[in-house]
Amino acid sequence: MNESANYDESKVGNHPLPELLQCEDGTEVLDSSIWTTKRRPEILDLFATYVYGKFPLVQLPITFEEISVNQAALGGSAIRHEIAINCVANDKKIRINLALYIPKSALTPVPIFLGSNFNGNHAVDQDGSISITTQWMRNTVDEKSVVNNRATEFSRGFEATRWPLELIIEKGFGVATFYYGDVEADHPDGWKNGVRAALSPGGESSEFEDDDWGAISAWSWGLSRALDYLVTNPAVDSERVALIGHSRLGKAALWAGALDERFALVVSNNSGAGGISLARRDFGESIRSINENFPHWFCGNYKRFNASPETLPVDMHQLAALIAPRPLYIATAQEDVWADPKGEFLAGKNAEPVYALFGKPGLGVAQWPPVNQPVGEFIGYHLRTGKHDVTTYDWQQFLRFASRHFRITQ
Ligand code: GCU
């Protein structure tokens, strides 16, 4: 919450949203084929150009290396692997350490929840054998868990409440997660040691164009590389990989889900501004504020809209629509007003016409639902009581939603 932001619903403004179903040359999108072949690529390109920035078109050779296995993880209910996803370019080595949990009882390939984490794999689980990340980390946790921008032993399990691993495994899903700082450290110069320096022709001396990728795009790139690994693992059902992200990592999950249609389902948890909440609503975090506080997250062009969000060529209902016809779940929290929970609902609501082109029902309600009353068919939504966080309540809804779409019977 920031006192200078608007939190008064009567002052959100009333700017019309950019057209969803009309192509730039005026063609009406009357069916799913025009959407898929013409309108969807246009919108994807607008998001790349004006919001998140474009990836360089280079393919890196990537190798996968099993680092450790714990056959009796989570009290014996899961097998836990650590896999290094390695790529080298411009003399920079990018190494994404993926922690993968597979239910021990699985007889067939399992569906997976994949998401990056904020504090390292060792923070997601108390298991003392998981490597502690040596990458740069924000000093925001507490003074014992992160010292001089490096995680300590003290931070084991620190983020575990956000990842109820036992519950997810018990419901028949595997879990894959990695520290987002493996891809790029989250500060304005972080790119110099991350994938953006590795993949840009100028390396660390690169000068970015206004439509070149920002850090959110880099983190999205990492999510797709984790999927590159998962599709090679026979214990994983690669047709049923659900992508999940919280907050800034929710923004990255949405963008990765839009770009990479191999992800079968996307969960946005409290993704807020620059994620699923409508930018044209003046409520909570604004484009100006996010660009000023986190200048490295978005592409240069996004800053052009600091003073005039209503001129942004896209809005977040179109980001939601890029996930269609795949199921999308939008989780919000009542006290997370900075993220504009109603604006997050309205993005889903205004994406429904694209789901309808595919014959898929969306939220199933006309009005913003009351707290703790999840709604939706192909677009799920809930407003939970409480703060900006990922809770077991949130996961219970994600598991129910994904089980339904992935046809898992409990
Ligand atoms: C800040 C930022 C949000 C972001 C959040 C987070 O609050 O303003 O846009 O979602 O951090 O990632 O935790």
Side-chain angles (χ1 to χ4, degrees), residues 1-7 47 51-53 115-120 123-124 136-142 145-146 158-159 161-163 177-188 190 214-220 222-223 243-257 266-299 302-303 305-306 309 312 315-316 319-320 330-345 347 383-384 386-391 394:
M1 183 131 175
N2 175 324
E3 296 312 326
S4 64
N6 176 50
Y7 296 106
F47 272 100
V51 184
Y52 301 112
S116 42
N117 61 65
F118 282 84
N119 300 289
V124 163
W136 185 94
M137 190 170 287
R138 293 186 298 149
N139 274 338
T140 50
V141 181
D142 62 56
S145 295
V146 181
F158 179 84
E159 200 179 331
T161 57
R162 288 184 173 169
W163 295 87
T177 184
F178 65 88
Y179 174 49
Y180 78 130
D182 286 354
V183 181
E184 174 169 327
D186 188 1
H187 62 87
I216 290 174
S217 264
W219 299 324
S220 306
L223 290 164
L243 189 53
I244 178 165
H246 168 61
S247 210
R248 68 197 67 188
L249 301 180
K251 309 182 209 298
L254 285 160
W255 183 226
V266 177
V267 177
S268 154
N269 193 83
N270 306 180
S271 67
I276 207 69
S277 68
L278 292 176
R280 276 168 176 69
R281 272 172 59 86
D282 179 11
F283 193 102
E285 189 171 22
S286 63
I287 296 184
R288 178 190 295 286
S289 149
I290 207 166
N291 277 329
E292 285 178 358
N293 292 331
F294 308 99
H296 53 297
W297 281 5
F298 298 89
C299 71
Y302 199 45
K303 300 183 174 62
F305 308 101
N306 282 353
L312 182 67
D315 212 322
M316 300 312 188
L319 182 62
I330 302 170
T332 69
Q334 193 178 24
E335 291 173 43
D336 190 16
V337 287
W338 185 232
D340 187 12
K342 187 172 184 187
E344 296 185 292
F345 170 78
L383 172 68
R384 158 180 67 69
K387 296 193 169 64
H388 185 72
D389 201 356
V390 196
T391 66
D394 295 320

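All heavy atoms count here, side chains included; hydrogens, waters and symmetry mates do not. All ligand and atom numbering here is 1-based and tracks the order in the structure.
- Less than 4.0 angstrom separates some heavy atom of W338 from each of these atoms of ligand 1: 2 (C), 7 (O), 8 (O).
- Considering only heavy atoms from C-beta on, I290 comes within 4.5 Å of K251 through its side chain.
- Note: no N/O pair closer than 3.5 Å links S271 and ligand 1 by distance alone.
- Put simply, the side chain of E184 does not reach to within 4.5 Å of the side chain of W136, judged on heavy atoms.
- Side-chain atoms of Y52 come within 3.5 Å of backbone N or O of G274 as a donor-acceptor pair.
- In this structure, K251 counts as a contact residue of ligand 1, since one of its heavy atoms falls inside 4.0 Å of the ligand.
- Contact annotation: for I290 versus ligand 1, heavy atoms closer than 4.0 Å belong to the side chain alone.
- Two residues are said to be in side-chain contact when any heavy atoms from C-beta on lie closer than 4.5 Å; Y302 and L312 meet this criterion.
- Polar contact with ligand 1: absent for W297 (N/O pair, distance under 3.5 Å).
- When side chains are defined from C-beta on, D186 counts as touching R248, because their heavy atoms get closer than 4.5 Å.
- With hydrogens left out, the protein atom closest to atom 4 (C) of ligand 1 is S247 OG, 3.4 Å, a heavy atom.
- The nearest non-hydrogen atom to atom 9 (O) of ligand 1, considering only R248, E285, H246, H388, comes from E285.
- Side chains of W163 and V390 form no contact here, defined as non-hydrogen atoms less than 4.5 Å apart.
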